[in-house]
Amino acid sequence: MPDSKTDPKILVTAALPYANGPIHIGHLVEYVQTDIWVRFQKLMGRRAIFICADDTHGTAIMIRAKNEGISEAELIAAMQQNHLRDFRGFDIEFDYYGSTNSSENYELCCQVWAALRQSGLIVQREVSQLFDPVAGTFLADRFVKGTCPNCNALDQYGDNCDKCNATYSPTDLINPRSTLSDGIPEVRSAMHLFVELEKMHEFLNEWTQTGDHLQTEVANYLKGHFLQKPLRDWDVSRPSPYFGFEIPDSPGNYWYVWFDAPIGYIGSTHAWCKQHGEELSDWWKSESTEVHHFIGKDITYFHTLFWPGMLKAAGFTLPKQVHIHGFLTVGGEKMSKSKGTLVKAETYLDHLDPSFLRYFYASKLSASIDDIDLDINEFVAKVNSDLVGKLVNLASRTARFIEDVGLAPVYPHDGGLFKAAAAAGQSIADAYQANDYARAMRIIMGLADDANGFVENAAPWTLKKDPSQASKLQDVCTICLNLFRQLSVYLAPVLPRIAKQCGELLNDPIVHWDQSQSPLLNNSVNKFQHMLQRVKIEDVQKMIESGQENTPAEEIAATPVSLSDVAPTLIDSGDALIAEPLAETCSIEDFIKIDLRVARVLAAEHVPEAKKLLKLTLSLGGEDKRTVFAGIKAAYEPEKLVGRLVLMVANLAPRQMKFGLSEGMVAAAGAGGVEVYLLSPDSGAVPGHRVH
RNA sequence: GGCGAAGUAGCUCAGUUGGUUAGAGCAACGGCUUCAUAAGCCGUGGGUCGCUGGUUCAAGUCCAGUCUUCGCUACCA
C-alpha cells in the first residue's frame with residue numbers, strides 16, 4: 001500500500017493546448033517529449049502522473065465562437081474531443097486531461113487569488129492606455145512609436161528608448177503613432193488589477209538562478225532580460241466582455257486567460273484526485289512531490305517568472321524543473337500552411353505511422369532549447385534504417401526459426417553481449433532522465449548494431465540446414481530475441497507499440513525497466529508478424545501535398561465530425577479575423593482619401609542591412625515612378641516580382657526610413673513574415689488605374 | 001539595437017574536468033552474405049573542428065577579438 005504522504009511522487013505537465021485550433025506536428029514535439037519522459041518514469045517503477053488540459057479562455061475563443069454561431073461551451077467541448085483524439089492517435093497517454101473551464105479550476109483560481117490579495121500583491125488602478133481609433137483596439141507598448149521624452153530620439157517604442165535606455169509609459173511619448181494604422185492614438189482609461197511582481201524579485205532571482213530548475217541558457221536569458229531591472233506589474237484582469245472567470249471580488253472584471261491557464265495544472269490535478277481518492281495537498285502542497293513542467297520556449301516568461309511567483313505566494317509546490325524545448329522547423333524553415341509543412345496531427349495519421357514521428361523526435365531531442373528540424377529525407381532514412389533495418393529486423397530474421405521450440409531453458413554463451421547491453425542501461429536511463437533522448441537513441445542503436453553483427457557471425461540460416469545443430473540454432477535465436485527484447489524495453493518509452501508487440505511475440509509483457517537486466521528463458525515464441533511497415537518517401541510527400549491543397553472549405557471537412565455538426569454552415573476558419581479584428585467603421589469620405597492605384601514593379605532588390613525589407617521601384621505609368629520599401633523580404637524573391645502588377649497606396653505621405661525615403665505602400669494580405677500575399681488586379685487593369 | 005545560442009566529414013550530430021594519428025549514424029564507393037520488410041556484415045574514401053590572435057609542454061576543448069547563422073525581444077493568445 002503506497003503511502004501518498006511520504007512516497008516520492010512525480011507530477012508532470014505539458015503546456016495546455018489552446019482550444020482555438022487543432023494539434024499539429026509542431027505541438028507534438030512537446031507532447032511526445034513529455035509522454036516519453038512520463039513513460040520512462042513509470043517504467044522505472046516510479047509514481048508519476050501526466051496532467052494536462054485544454055486552455056479555453058480569452059478573447060480569441062469568444063470571437064471564434066461568435067463567428068461560428070455557437071456558444072463558447074460548445075466550441076471548447078468540440079475542440080477538446082478533437083485534441084483528445086489526436087493525442088490518442090500518437091499514443092500520448094495522459095493520466096488526466098481536463099479543461100481550464102472547470103469548477104475545480106475556478107475553485108483553485110479563487111484560492112490563488114485570495115492568497116495574492118492577502119499577501120498584498122494585488123493593486124488596482126486606472127490604466128490610461130493608448131487606444132487606436134482607426135484599428136479599434138488598445139495598443140500594446142510595442143505598437144506605439146514616437147519621440148523619446150527623455151532624449152528626443154525619433155521613432156522609439158512605447159516602453160523604452162533604444163538610444164538612451166530610458167523607460168517610460170507610452171503615454172509619455174511625444175507625437176505617438178500607432179504602428180498598426182499610423183493613426184494618432186488617444187488616451188482612454190479603464191480599471192485593471194495588477195500583480196506587483198517586483199515584490200517577489202528577490203525570490204525569483206534566487207529561484208531562477210539556483211537549484212537547477214532551469215536550463216542554464218534559460219536562466220541567463222531571464223537574468224539578462226528581466227531580472228536586472230524592476231519587474232513590471234502584471235495586468236491580470238480584463239473588463240467585460242470576456243470569456244473566462246469573473247473575478248469574485250471585482251464584478252465586471254475577468255481573470256486574464258494567462259492567470260487561469262497555468263492554474264489549470266492544479267485544477268486538472270484536483271479533478272484527477274477526486275477520481276482516484278487522493279488528496280490534492282499531497283501533490284501540490286507536499287515536500288515529496290516533484291513538479292515538472294514541459295513547455296516551449298515561447299512561453300518561458302510566464303512559466304519561469306509569473307508562475308513560480310504565484311505558486312510561492314499561494315503556498316503551492318514549486319516546480320522542480322521547467323523543461324524548455326525549441327520549435328520544430330521543416331526542411332530548415334518555419335512551418336508554413338502554404339507550403340503544407342504545418343501538418344495537422346490528423347493529416348499525419350492519415351498517411352503515416354505515429355511511431356515514426358515519436359522515434360524521429362526522440363532521435364533529435366536533447367536538453368537544449370535549440371530548434372529541431374524535420375527533414376523529409378532524414379526522416380525516411382532514420383525510420384527505415386534504425387527501426388526497420390536494425391531493430392525490428394532482429395526479431396524478423398530469427399523468430400521464425402524457433403516458433404516450434406521456444407526460448408532455450410538456459411541462457412547460452414553470447415560473448416558478453418547481453419551483459420554489456422544490460423550495463424549500458426544505466427547510461428540510457430540517465431539520458432532519458434536528463435531529456436537527452438538523442439543520446440539514448442544513439443546508445444540503443446549502437447547496441448542494435450552489435451546484435452546484428454552477432455546474427456551475421458552465428459548464421460542461424462546455416463545452422464538450420466543441419467538437423468544435428470538444432471540445439472545450437474535454438475541458442476542463437478534465444479540470444480538474438482533476448483537482445484531484441486532488451487532493446488524493446490529500452491525503447492518502450494518512445495515506442496510503446498513495439499514494446500507491446502515484443503511482449504506478445506515472447507509471451508511476456510514489458511512492464512518494467514528491470515526486464516532489460518535479465519534474459520527471458522523457456523518461454524514459447526509466437527508466430528512472427530510484421531511490427532512496422534517501411535516508410536515510403538511518396539507517403540510523406542502525399543501528406544505534405546494534402547495539407548497544402550486544403551482549401552479552407554476542405555479544411556473544415558477535415559475537422560472533427562463533432563465540430564461540423566454543431567456548425568454545419570461553417571466555411572472559412574475565423575482565425576484571420578481573430579488575429580486582426582475589424583477596424584472602426586469609416587465613412588465614404590474617409591475611404592476616398594486613400595488613393596489606391598495599380599502599379600507595375602519595375603525593379604526589386606534586397607536591402608542588404610534590412611531584415612524584412614525589399615526596395616521596390618513601382619511605375620504608375622508614364623514617367624511617374626515611386627520607390628517603396630516593403631516588408632515582404634521573407635515571402636518574395638525580388639526577381640519574381642519584377643514585371644508584375646500590384647496595388648499601391650499612392651498618396652501616402654512619404655516616410656523617411658533607415659534605408660531611404662519610401663513613397664507609398666504596397667497592398668498585401670496575411671499575418672506577416674512568410675505569410676504575406678501581394679494583391680493583384682484581374683487582367684485588363686493597367687498601371688495608373690485607380691481602385692474604387 | 002539588446003539578449004541568448006550555434007558554427008566539427010555531403011547531411012544530422014557526439015566529443016566528459018585541455019593530453020596519443022578528431023568520432024558515430026546516414027549518404028557515397030568496393031567486397032561478402034541471403035535468415036530477414038531490396039534488410040544484414042566487412043572495408044574504403046572524405047574534416048587545416050567558421051576565422052585571427054593569445055595562454056600552455058599540449059586546444060575542437062580555456063581567453064580575447066572577428067565573421068556567419070538561428071532564436072527571443074514581455075501586458076500576443
Side-chain angles (χ1 to χ4, degrees), chain A residues 18-21 55 57-61 127 129 138-143 156-163 165 170 192 194-195 197 215-226 228 231-238 256-258 261 297-302 305-306 326-327 329 332 334 363-364 366 368-373 375 377-382 384-390 392-401 436 438-439 441-443 445-446 449 451-465 473 476-477 480 528 530-535 578-579:
Chain A
Y18 199 50
N20 190 31
D55 178 14
H57 291 154
T59 316
I61 299 289
V127 176
Q129 212 181 347
F138 278 102
L139 293 168
D141 299 350
R142 305 296 289 185
F143 294 111
Q156 294 305 308
Y157 283 115
D159 50 356
N160 72 307
C161 173
D162 282 347
K163 296 280 184 291
N165 269 332
H192 283 243
F194 291 80
V195 177
L197 205 62
Q215 289 118 298
T216 50
E217 59 243 75
V218 177
N220 291 341
Y221 159 71
L222 295 171
K223 193 173 168 185
H225 244 80
F226 306 108
Q228 282 171 348
L231 294 162
R232 293 183 158 222
D233 293 347
W234 182 32
D235 187 350
V236 291
S237 77
R238 293 294 183 272
Y256 173 49
V257 57
W258 259 111
K297 61 185 176 185
D298 52 332
I299 54 177
T300 298
Y301 182 60
F302 296 95
L305 293 176
F306 290 154
F327 297 138
T329 56
K334 279 190 179 177
S363 76
K364 305 286 278 186
S366 71
S368 138
I369 62 168
D370 286 348
D371 293 350
I372 65 171
D373 185 50
D375 177 84
N377 292 310
E378 192 191 356
F379 175 83
V380 171
K382 216 159 195 138
N384 286 341
S385 157
D386 290 0
L387 292 187
V388 182
K390 289 182 186 174
V392 172
N393 196 28
L394 279 174
S396 171
R397 68 196 304 202
T398 52
R400 61 194 74 187
F401 290 137
D436 197 348
R439 182 187 203 92
M441 295 308 109
R442 274 198 305 277
I443 301 172
M445 284 309 145
D449 282 339
N452 275 304
F454 171 82
V455 180
E456 193 69 20
N457 285 325
W461 52 91
T462 309
L463 297 174
K464 187 174 182 271
K465 290 172 186 159
L473 177 64
V476 166
C477 294
C480 195
F528 179 79
H530 276 195
M531 296 177 170
L532 265 187
Q533 293 297 319
R534 295 171 63 80
V535 56
I578 290 162

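Chain A is the first sequence line, chain B the second, and so forth, proteins listed ahead of strands; every chain is numbered from 1. Just so we're clear, the structure is a prediction, and the values are computed from it rather than from any experiment.
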Trainee: How would you label the contact of Phe194(A) with the nucleic acid (heavy atoms, under 4.0 Å): base, sugar-phosphate, or nothing?
Mentor: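 Touches nothing.
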Trainee: To the side chain of Phe226(A), which of rA39(B), rA74(B), rA77(B) is closest?
Mentor: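 Selected nucleotide: rA74(B).
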Trainee: Can you tell me, in whole Å, how much space there is between the P of rC35(B) and that of rG19(B)?
Mentor: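 Taking atom P in both rC35(B) and rG19(B), they lie 48 Å apart.
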Trainee: What's the shortest heavy-atom distance between Val257(A) and Tyr18(A), and which atoms?
Mentor: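 Shortest heavy-atom separation between Val257(A) and Tyr18(A) comes out as CG2-CE1, 4.5 Å.
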Trainee: Rounded to whole angstrom, note down the C1' distance from rU17(B) over to rG54(B).
Mentor: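 Here rU17(B) and rG54(B) have their C1' atoms 22 Å from each other.
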Trainee: Between atom CD1 in Ile369(A) and atom C1' in rG71(B), what is the gap in whole Å?
Mentor: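 Taking CD1 of Ile369(A) and C1' of rG71(B), I get 8 Å after rounding.
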Trainee: Let me spell it out: for each of Arg442(A) and Tyr301(A), pick the nucleotide of RNA chain B with the closest heavy atom. Which residue's pick is nearer the 5' end?
Mentor: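 The residue whose closest nucleotide sits nearer the 5' end is Arg442(A).
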Trainee: Between Asp371(A) and Phe327(A) (side chain of the first, backbone of the second, donor and acceptor by atom type, cut-off under 3.5 Å), is there such a pair?
Mentor: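 Checked: pair present.
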Trainee: Are Phe306(A) and Trp234(A) near enough that their ring centres are under 6.0 Å apart?
Mentor: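 Ring centroids of Phe306(A) and Trp234(A) are less than 6.0 Å from each other.
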Trainee: So, OP1 or OP2 of rA77(B): does either fall under 4.0 Å of a side-chain N or O from Tyr256(A)?
Mentor: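 Indeed, a polar side-chain atom of Tyr256(A) lies that close.
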Trainee: Let's test your reading of the model: under 3.5 Å, does the base of rA36(B) pair with the side chain of Asn393(A) as donor and acceptor?
Mentor: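 When only heavy-atom distances are counted, Asn393(A) does reach the base of rA36(B) through a donor-acceptor pair under 3.5 Å.
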Trainee: How close or far is atom C1' of rA27(B) from atom NZ of Lys382(A), stated in whole angstroms?
Mentor: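 Rounded to the whole Å, the gap is 13 Å.
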Trainee: For the residue pair Val388(A) and Asn393(A), establish whether any side-chain heavy-atom pair is separated by less than 4.5 Å.
Mentor: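 Answer no - side chains too far apart.
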Trainee: Under 3.5 Å, is there any donor-acceptor pair linking the side chain of Trp258(A) to the base of rA77(B)?
Mentor: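 Yes.
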Trainee: Return the value, rounded to whole Å, for the distance between atom CD1 of Ile299(A) and atom C1' of rG71(B).
Mentor: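 After rounding, the reported distance stands at 16 Å.
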Trainee: Could you go through the side-chain contact (heavy atoms from CB on, under 4.5 Å) check for Thr398(A) and Phe528(A) one step at a time?
Mentor: CA-CA 9 Å; Thr398(A) 52; Phe528(A) 179 79; over 6 Å; no
Trainee: Return yes if the base of rG40(B) and the side-chain atoms of Glu456(A) contain a donor-acceptor N/O pair under 3.5 Å, otherwise no.
Mentor: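 Yes, the side chain and the base share a sub-3.5 Å donor-acceptor pair.
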Trainee: Go ahead and name the base partner of rC70(B); Watson-Crick or wobble counts if both distances stay under 3.5 Å, otherwise write none.
Mentor: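 Pairing partner, where one exists within any strand: rG4(B).
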Trainee: Please pick, from rU37(B), rG71(B), rA77(B), the nucleotide with the shortest atom-to-atom distance to any side-chain atom of Val392(A).
Mentor: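 Of all the options, the side chain of Val392(A) is nearest to rU37(B).
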Trainee: Any idea which of rA77(B), rG71(B), rC35(B) is nearest the Phe401(A) side chain?
Mentor: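 Closest nucleotide to the Phe401(A) side chain: rC35(B).
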Trainee: When you measure from the side chain of Asn452(A) to the backbone of Lys390(A), do you find a donor-acceptor pair of N or O atoms at a distance under 3.5 Å?
Mentor: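 Judged by distance alone, yes, a pair lies under 3.5 Å.
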Trainee: Report the nucleotide, chosen from rC26(B), rA6(B), rU33(B), that has the shortest atom-to-atom distance to any side-chain atom of Trp461(A).
Mentor: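 So the nucleotide nearest the side chain must be rU33(B).
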Trainee: Who is the Watson-Crick or G-U wobble partner of rG46(B), with both distances under 3.5 Å?
Mentor: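 For rG46(B), the partner nucleotide comes out as none, under the 3.5 Å rule.
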Trainee: Starting at atom CD of Gln533(A), determine the distance to atom C1' of rA38(B), rounded to an integer number of angstrom.
Mentor: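 Roughly 15 Å, once rounded to whole Å.
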Trainee: Please tell me which of the listed nucleotides, rU12(B), rA77(B), rU37(B), lies nearest to the side chain of Lys364(A)?
Mentor: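 For Lys364(A), the side-chain atoms sit closest to rU12(B).
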Trainee: Between rG47(B) and rA9(B), how many Å separate the two P atoms, rounded to a whole number?
Mentor: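 Approximately 10 Å lies between the P atom of rG47(B) and that of rA9(B).
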Trainee: With a non-hydrogen cut-off below 4.0 angstrom, is Leu532(A) in contact with a base, only sugar-phosphate, or nothing?
Mentor: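 The answer is base, as Leu532(A) lies within the cut-off (heavy atoms under 4.0 Å) of a base atom.
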Trainee: For the side chain of Met531(A), starting at C-beta, report the closest nucleotide among rC72(B), rU37(B), rC35(B).
Mentor: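 So the side chain of Met531(A) is nearest to rU37(B).
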Trainee: Contact class for Lys390(A) vs. all strands (heavy atom < 4.0 Å): base, sugar-phosphate, or nothing?
Mentor: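 Sugar-phosphate, no base atom in range.
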Trainee: Checking all strands, does Asp375(A) fall into the base, sugar-phosphate, or nothing category for heavy-atom contacts under 4.0 angstrom?
Mentor: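 The answer is nothing, as Asp375(A) stays clear of every strand by at least 4.0 Å.
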Trainee: Regarding Leu473(A), tell me which of base, sugar-phosphate or nothing describes its non-hydrogen contacts under 4.0 Å with the strands shown.
Mentor: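 Nothing: the residue Leu473(A), judged by heavy atoms under 4.0 Å, touches no strand.
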Trainee: When the C1' atoms of rA36(B) and rC72(B) are compared, how many Å lie between them, rounded to an integer?
Mentor: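 Straight-line distance between the two C1' atoms is 49 Å.
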Trainee: What's the gap between rA77(B) and rU61(B) when it is taken at their C1' atoms, as a whole Å value?
Mentor: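 Per the computed distance, 43 Å lies between those C1' atoms.
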Trainee: Picking from rA77(B), rG4(B), rA36(B), which would you name as closest to the side chain of Glu217(A)?
Mentor: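 Of rA77(B), rG4(B), rA36(B), rG4(B) is nearest to the side chain of Glu217(A).
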Trainee: For nucleotides rU34(B) and rA39(B), find the distance between their C1' atoms and express it as a whole number of Å.
Mentor: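 Pairwise C1' distance, rU34(B) against rA39(B), rounds to 10 Å.
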Trainee: Roughly, in whole Å, what's the span from CZ in Arg397(A) to P in rU33(B)?
Mentor: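 My rounded result for the distance is 15 Å.
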Trainee: For the side chain of Ser396(A), starting at C-beta, report the closest nucleotide among rG25(B), rG4(B), rA36(B).
Mentor: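 Given the options rG25(B), rG4(B), rA36(B), the side chain of Ser396(A) is closest to rA36(B).
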Trainee: Mind calculating the distance between NZ (Lys297(A)) and P (rG71(B)) to the nearest angstrom?
Mentor: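 My rounded result for the distance is 8 Å.
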Trainee: What's the gap between rU69(B) and rG50(B) when it is taken at their C1' atoms, as a whole Å value?
Mentor: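 Looking at atom C1' only, rU69(B) and rG50(B) are 11 Å apart.
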Trainee: Side-chain N or O of Arg439(A) versus OP1/OP2 of rG15(B): is the shortest distance under 4.0 Å?
Mentor: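 True: Arg439(A) side-chain N/O within range (under 4.0 Å) of rG15(B) OP1/OP2.
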Trainee: Does Arg238(A), at its CZ atom, have more than 12 non-hydrogen atoms belonging to other residues, nucleotides or ligands within less than 6.0 Å?
Mentor: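 Check passes, neighbour count above 12.
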Trainee: Could you tell me the separation between the CZ atom of Phe379(A) and the P atom of rC13(B), rounded to a whole number of Å?
Mentor: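 Taking atom P of rC13(B) as the reference, CZ of Phe379(A) is at 16 Å.
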Trainee: Counting only Watson-Crick or G-U wobble pairs whose two distances fall under 3.5 Å, which nucleotide matches rC51(B)?
Mentor: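 Result: rG65(B).
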Trainee: Look at Asp373(A) together with Lys364(A) and state whether they make a salt bridge at an N to O cut-off of under 4.0 Å.
Mentor: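 Looking at Lys364(A) together with Asp373(A), the answer is no, because their closest N to O distance does not fall below 4.0 Å.
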Trainee: So how far is it from Arg400(A) CZ to Cys477(A) SG, rounded to the nearest 0.5 Å?
Mentor: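 Spacing of CZ (Arg400(A)) from SG (Cys477(A)) equals 11.5 Å.
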Trainee: Now, which nucleotide makes the Watson-Crick or G-U wobble pair with rU12(B), with each of the two distances under 3.5 Å?
Mentor: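 Partner of rU12(B): rA24(B).
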Trainee: Who is the Watson-Crick or G-U wobble partner of rG60(B), with both distances under 3.5 Å?
Mentor: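 Its partner: none found.
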Trainee: For the pair made of CD in Glu378(A) and C1' in rG25(B), what is the distance, rounded to whole Å?
Mentor: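 Value for this atom pair: 10 Å.
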Trainee: C1' atom, rG71(B) versus rG25(B): distance in rounded Å?
Mentor: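 Taking atom C1' in both rG71(B) and rG25(B), they lie 27 Å apart.
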Trainee: Report the residue (Thr216(A) or Phe302(A)) whose heavy-atom-nearest nucleotide on RNA chain B is the more 5′ of the two.
Mentor: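 Its nearest nucleotide being more 5', the pick is Thr216(A).
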